[in-house]
Every structure is written in C-alpha cells, then in structure tokens.
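This report refers to the structure that appears directly beneath it.
One-based numbering along the sequence shown.
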Amino acid sequence: DAIRLAAAAGGALTLAGAGGGGSAQTADSDTVPMHRYDAHNSGVAPVSGPKEEVDDAWTFETEDRLTAQPVVSNGTVFQASEDSRIYAVSGDNGSEEWSAGTNQSLVRTPAVGNSVVYISTQTGRIIALSAANGSGEWSNSTGVDAPSAVTLTSDGIVFGETDKAADYIYNLDSATGEQQQRFEIPYALSFKLPVLAEERAYVYCQAESGGHVLAAHSLDDGDEVWRADLEGNRYDGLNSSSALAYASYDGGTIFVGDGPGVVEARDAASGDRSWQFTDLGNLNTVPTFADGTVYVATEEPALHALDASIGTEQWKQSLNGTPTSPVYADGALYFGADDNYVYAHGADGGEELWSFQTGDSVVAPPVVVEDRVYAASTDGILYALEEGSGVDAPDITGDGSPAGDPDGDGLYEDINGDGSFTAVDVQALFANLDSDAVQRNQELFDFNGDGQVDITDVQALFAMLDGGQ
C-alpha cells in the first residue's frame with residue numbers, strides 16, 4: 001500500500017512502494033525507476049528476463065568505470081559514470097540521446113520519475129535533470145558529506161546522508177529541490193540507503209558503540225519506533241551495501257544481511273527477530289525475497305536460498321566470482337560478479353542458466369526489463385543483453401557475403417564481407433546507402449554515432465580507413 005510521508009513544510013507525500021499505488025514512479029515491464037527497483041529495496045523485477053544464452057544487442061561505452069546500477073524509463077536507459085557524466089541511452093539501439101556533466105565522479109544509482117532524472121554526488125549535491133534532454137531542473141547543495149542514492153515518492157525524494165557531525169534522512173520537494181523534512185539518526189556513525197515502508201524509514205548502521213544496528217523511524221516526525229542490536233560489532237565489517245529489504249510477507253518483514261555473515265528476518269512492526277541464519281562469510285549484498293524464499297549472495301563466493309518462514313537453507317550454489325546483490329525475475333536470479341561476468345541462475349535450485357563476459361568486474365546489480373538485461377561493467381561499458389541477440393549480419397552487396405566486424409567493436413566496417421577493411425568497403429557503403437539492408441540495420445553502420453546512417457557515415461568510414469583503424 002501507499003504510505004504517507006508528512007512534510008515539514010506543507011502537506012504530505014504519498015510514496016508508492018513495491019506493489020503500492022499512488023502516483024510515484026514504480027517498476028513495470030519497461031521501467032526500473034530507482035536503486036533495486038523500489039522504495040522497499042526489493043530487487044524484484046515484475047517481468048520475465050532471458051533464460052537462454054544471451055548476446056549483446058548493443059553496447060554503449062563511457063570514459064570511465066561504471067559502478068552504479070542503470071535505471072530505465074520510457075525506452076531510455078540512464079547510466080551514471082565515474083567519468084563525471086550521466087548518460088541517456090536509447091534502449092532501441094544504444095545510441096546516446098544526451099549526456100550531462102557534473103564535474104565529479106558519479107558512483108550512486110540515479111532515479112527517474114515524472115520525466116526527471118535525479119542523481120546524488122559525492123560532494124553533497126542532489127541534481128535534477130530533464131529526462132528528455134538533460135537540461136538542469138534544479139540543484140540542491142545539502143552540505144552533507146555523502147548522500148545515498150535517492151528514493152522516489154510521489155512529489156518528493158528521500159535519501160540518507162553521513163555527515164561528520166551527524167546522520168540524517170532528508171526529504172526534498174521533487175519539483176523544486178527545497179528541503180521539506182530532515183530528521184537525525186542520533187546514534188549512527190554511518191548508514192546507507194534507508195528503506196521506506198509502513199510509514200517508516202528502516203536503517204542499517206554502525207552505532208557509536210561500534211555495534212551493528214537495525215532501526216525503524218517514523219516518517220511523520222523522525223521518532224525512533226524500535227531499535228535492534230545485530231550480531232556485528234566494532235571488529236566486524238559493516239555490510240557495504242544498503243543491507244536490508246522490506247517484504248509484505250507475514251504481515252511485513254525486514255530481511256537484513258549483517259556484515260559478519262548473518263541474515264535475519266525481523267517483524268517490521270516491532271523489530272522482533274523471527275529467525276537467524278549464520279556462518280555465511282562476509283556479506284556486502286542485500287537479501288532478495290521472492291515466492292517464500294530469501295536469496296543471499298556472499299563473498300565465499302556462493303548463492304544461498306533460505307526458507308523465508310524458518311530460515312533453513314534450501315540450497316547453496318558455488319560461484320566463480322564475488323557476486324552483486326541478486327535480482328529476481330520470474331523464476332531466475334540475475335547478478336554480476338568480479339570475475340567480469342553477468343549471470344542468470346535458476347531460482348529453484350541455483351543452476352546456471354547463462355553467463356556473459358564483460359571486459360572487467362561487474363560490481364552493480366544488473367536490471368531486468370521485459371526479455372532484456374542491462375548491465376554496467378567497470379570496463380566503462382553498458383551492455384544490453386538478449387536471448388539470441390547475436391547479430392545476423394546483412395548481405396549489403398548481394399554477392400552472398402554478409403558484412404563483417406573485423407575489430408569486434410560492434411560496427412561492421414567490412415561492408416562487402418570479404419574479410420578485410422579497404423577502400424572497396426567505403427565504395428560499397430556509398431553505393432548501397434539507401435538499401436533496406438543498411439537502413440534496417442543502422443546500429444551496425446552508424447559510424448559517426450548520431451543514431452542514423454547517411455552520407456556522413458560514408459565520410460566517417462573513409463576517415464577510419466585513412467586513419468588506419
């Protein structure tokens with residue numbers, strides 16, 4: 001259900017959580033509006049993703065590492081990069097629609113809703129950009145050290161921050177960026193993205209005592225509703241992810257993965273512990289609940305499935321690389337890993353369904369829209385993955401030889417398909433520029449990257465040849 005967030009100045013906000021109503025942007029078959037899909041941090045995609053072997057439908061290259069999850073709205077993928085820019089990329093063909101610079105490395109997942117993209121920076125700014133063209137809507141310099149990723153409400157955005165003096169949860173007006181509410185988490189030394197549900201903000205943090213804490217605060221006035229001590233202490237690593245997720249299961253449950261390898265289920269209303277599962281090794285991921293099972297990725301590396309009712313292990317699957325938090329979609333689990341791969345595993349027994357190799361570690365969870373996976377890699381490339389999406393190269397010249405991609409960059413410079421890139425290929429593109437074979441496969445021959453194929457691409461292809469590429 002939608003929950004109410006009382007604003008400090010004027011009126012109340014309605015938040016649409018996972019499966020909730022209201023006017024806030026929520027995940028659907030073509031939309032991933034925020035970090036891990038929704039305000040509940042669920043990591044559950046309401047779609048079916050690819051379950052057979054995949055290939056890249058397209059790739060999009062930035063100038064630095066990608067460590068933030070992509071978000072998706074209205075056929076556009078929004079990706080923050082450590083090159084200081086946020087990119088809007090066409091979901092159809094991977095062409096750039098726009099990009100906007102921020103003068104600082106971007107590591108937080110953006111959010112998108114109501115035709116606006118929101119991004120938090122490492123120097124305390126929250127920036128709002130037009131989703132259509134990247135123009136600035138507003139910028140709020142909160143003065144804090146490290147704001148979390150933002151969570152969308154119907155007319156506000158909520159985020160947590162760790163300041164040298166104190167830790168707070170903020171709510172800003174989504175239209176203007178003006179502060180509507182701020183309340184302190186007084187006992188916290190640091191905490192991550194708050195989870196919003198049941199008129200409360202749930203936070204996982206390290207307390208001043210050094211112990212690890214899970215707590216609930218009222219969204220009306222910020223008052224603490226309950227606080228629970230977890231197993232972790234000052235000598236244990238804090239889970240570096242947001243660590244917890246809310247599910248409506250059993251009347252409302254918080255699933256939390258504590259850094260020293262402990263997963264707990266706690267009643268969302270009271271904080272009482274329902275069960276605990278230990279000895280999982282270091283945990284830096286968020287549990288994902290779906291269909292009566294809690295899925296946990298660990299640094300062992302392994303993927304675990306726990307019975308959500310009593311916390312017993314259903315199965316365990318060893319992995320090849322340290323995984324991200326998993327995303328669940330229609331009986332499959334999707335995640336990246338530091339062995340450079342993106343994976344899909346079956347949710348029933350953990351068997352591998354497919355894997356796809358990128359050029360470097362994948363440290364942000366992928367996202368799943370209908371029959372497609374978007375994955376960001378630290379090689380600086382955003383990948384669009386689909387079943388059977390390997391390119392069926394067209395025969396441009398009609399002599400029976402399909403065009404070729406001799407350097408593997410996704411552009412098909414070998415127009416006549418003879419296995420080499422020469423001046424003859426430039427001539428062949430010019431002669432067949434308006435053919436169906438070229439115009440129906442523009443992503444293969446868009447050599448100047450402007451989203452279409454015309455005479456300027458012939459010129460760009462010639463320049464590549466002249467430059468020795």
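When all heavy atoms of Pro323 and Thr285 are compared, the closest pair comes out as O-CG2, 3.6 Å. Nearest heavy atom pair, residue Val112 against residue Ala131, reads CG2-CB, 4.5 Å. Leu411 and Asp446 make their closest contact through CD2-O, 3.8 Å (heavy atoms, listed as atom of the first residue, atom of the second, distance). The shortest heavy-atom contact between Phe183 and Asp221 is CB-O, 4.4 Å.
Here the side chain of Thr378 pairs a donor or acceptor atom with the backbone of Ser361 at under 3.5 angstrom. A donor-acceptor distance shorter than 3.5 angstrom exists from the side chain of Asp457 to the backbone of Asn448, with no hydrogens or angles considered. Of the possible donor and acceptor atoms, one in the side chain of Arg266 sits under 3.5 Å from a partner among the backbone N and O of Gly271. No donor-acceptor pair under 3.5 Å is formed between the side chain of Gln206 and the backbone N or O of Val213. A donor-acceptor pair under 3.5 Å is absent between the side-chain atoms of Asp56 and the main chain of Trp58, judged by distance alone. No side-chain donor-acceptor contact under 3.5 Å links Asp55 to the backbone of Gly388.
A heavy-atom distance below 4.5 Å is not found between the side chains of Val262 and Leu230. A heavy-atom distance below 4.5 Å is not found between the side chains of Gln79 and Ile86. Within the 4.5 Å cutoff, the side chain of Val373 has heavy atoms near those of the Pro50 side chain. Counting heavy atoms from C-beta on, the side chains of Asn284 and Glu299 come closer than 4.5 Å. The shortest distance between side-chain heavy atoms of Tyr334 and Trp354 falls below 4.5 Å. With contacts defined as side-chain heavy-atom distances shorter than 4.5 Å, the pair Val296/Leu303 does not qualify. Ile157 places a side-chain heavy atom less than 4.5 Å from the side chain of Ile126. Thr298 places a side-chain heavy atom less than 4.5 Å from the side chain of Leu283.
A donor-acceptor contact under 3.5 angstrom links the side chains of Tyr383 and Asp379, judged on distance only. Judged purely by distance below 3.5 Å, without hydrogens or angles, the side chains of His304 and Glu313 pair a donor atom with an acceptor atom. No hydrogens or angles considered: nothing links the side chains of Ser84 and Gln104 as a donor-acceptor pair under 3.5 Å. A side-chain donor from one of Thr31 and Asp28 sits under 3.5 Å from a side-chain acceptor of the other. Inspection of the Thr288 and Arg36 side chains reveals an N or O donor paired with an N or O acceptor under 3.5 Å. Under 3.5 Å, the side chains of Asp267 and Ser270 contain a donor-acceptor pair of N or O atoms. A donor-acceptor contact closer than 3.5 angstrom links the side chains of Thr293 and Gln314. Side chain to side chain, Asn41 and Ser242 meet the donor-acceptor criterion of an N or O pair below 3.5 Å.
A search for side-chain hydrogen bond (donor to acceptor under 3.5 Å, both in side chains) contacts involving Tyr374 returns Arg372, not counting sequence neighbours. Evaluation of the side chain to side chain contact (heavy atoms under 4.5 Å, CB included) rule for Glu61 yields Ile381 as partners, not counting sequence neighbours. Qualifying ring pair (Phe, Tyr, Trp, His ring centres under 6.0 Å) partners for Tyr295, counting only residues two or more places apart in sequence or in other chains: none. Asp92 meets the side chain to side chain contact (heavy atoms under 4.5 Å, CB included) test with Ser90; sequence neighbours excluded. Residues forming a ring pair (Phe, Tyr, Trp, His ring centres under 6.0 Å) with Phe277 (at least two apart in sequence, or on another chain): none. Applying the ring pair (Phe, Tyr, Trp, His ring centres under 6.0 Å) criterion to Phe255, with sequence neighbours excluded, gives Phe289. For Ser135, the side-chain hydrogen bond (donor to acceptor under 3.5 Å, both in side chains) partners at least two apart in sequence or on another chain are Asn133. Listed by chain and number, the residues in a side chain to side chain contact (heavy atoms under 4.5 Å, CB included) with Ala88 are Thr76, Phe78, Glu97, Trp98 (sequence neighbours excluded). Listed by chain and number, the residues in a side-chain hydrogen bond (donor to acceptor under 3.5 Å, both in side chains) with His212 are Asp258 (sequence neighbours excluded). With sequence neighbours excluded, the residues forming a salt bridge (Lys or Arg N to Asp or Glu O under 4.0 Å) with Glu82 are Arg65, listed by chain and number. Considering only residues two or more places apart in sequence or on other chains, Phe60 meets the ring pair (Phe, Tyr, Trp, His ring centres under 6.0 Å) condition with Tyr87. Residues passing the side-chain hydrogen bond (donor to acceptor under 3.5 Å, both in side chains) test with Asp409: none are found, sequence neighbours excluded.
The only member of Val203, Val158, Thr151, Leu244 that meets side-chain contact (heavy atoms from CB on, under 4.5 Å) when paired with Leu193 is Thr151. The side-chain contact (heavy atoms from CB on, under 4.5 Å) test with Ser377 is passed by exactly one of Asn340, Val362, Leu66: Val362.
Of the charged side-chain nitrogens involved, at least one lies within less than 4.0 Å of a carboxylate oxygen, so that Lys51 and Asp330 count as a salt-bridged pair. For Glu63 and Arg85, the salt-bridge test fails: no basic side-chain N is under 4.0 Å from an acidic carboxylate O.
From Phe335, atom CZ reaches atom NE2 of His345 across 4.0 Å, with rounding to the nearest 0.5 Å. Atom-to-atom distance recorded for Glu53:CD and Glu386:CD is 14.5 Å, nearest 0.5 angstrom.
Within 6.0 Å of atom CD in Glu351, more than 12 heavy atoms from other residues, nucleotides or ligands are found, so the atom counts as buried in its surroundings. Other residues, nucleotides and ligands place more than 12 heavy atoms under 6.0 Å from the CG atom of Asp450.
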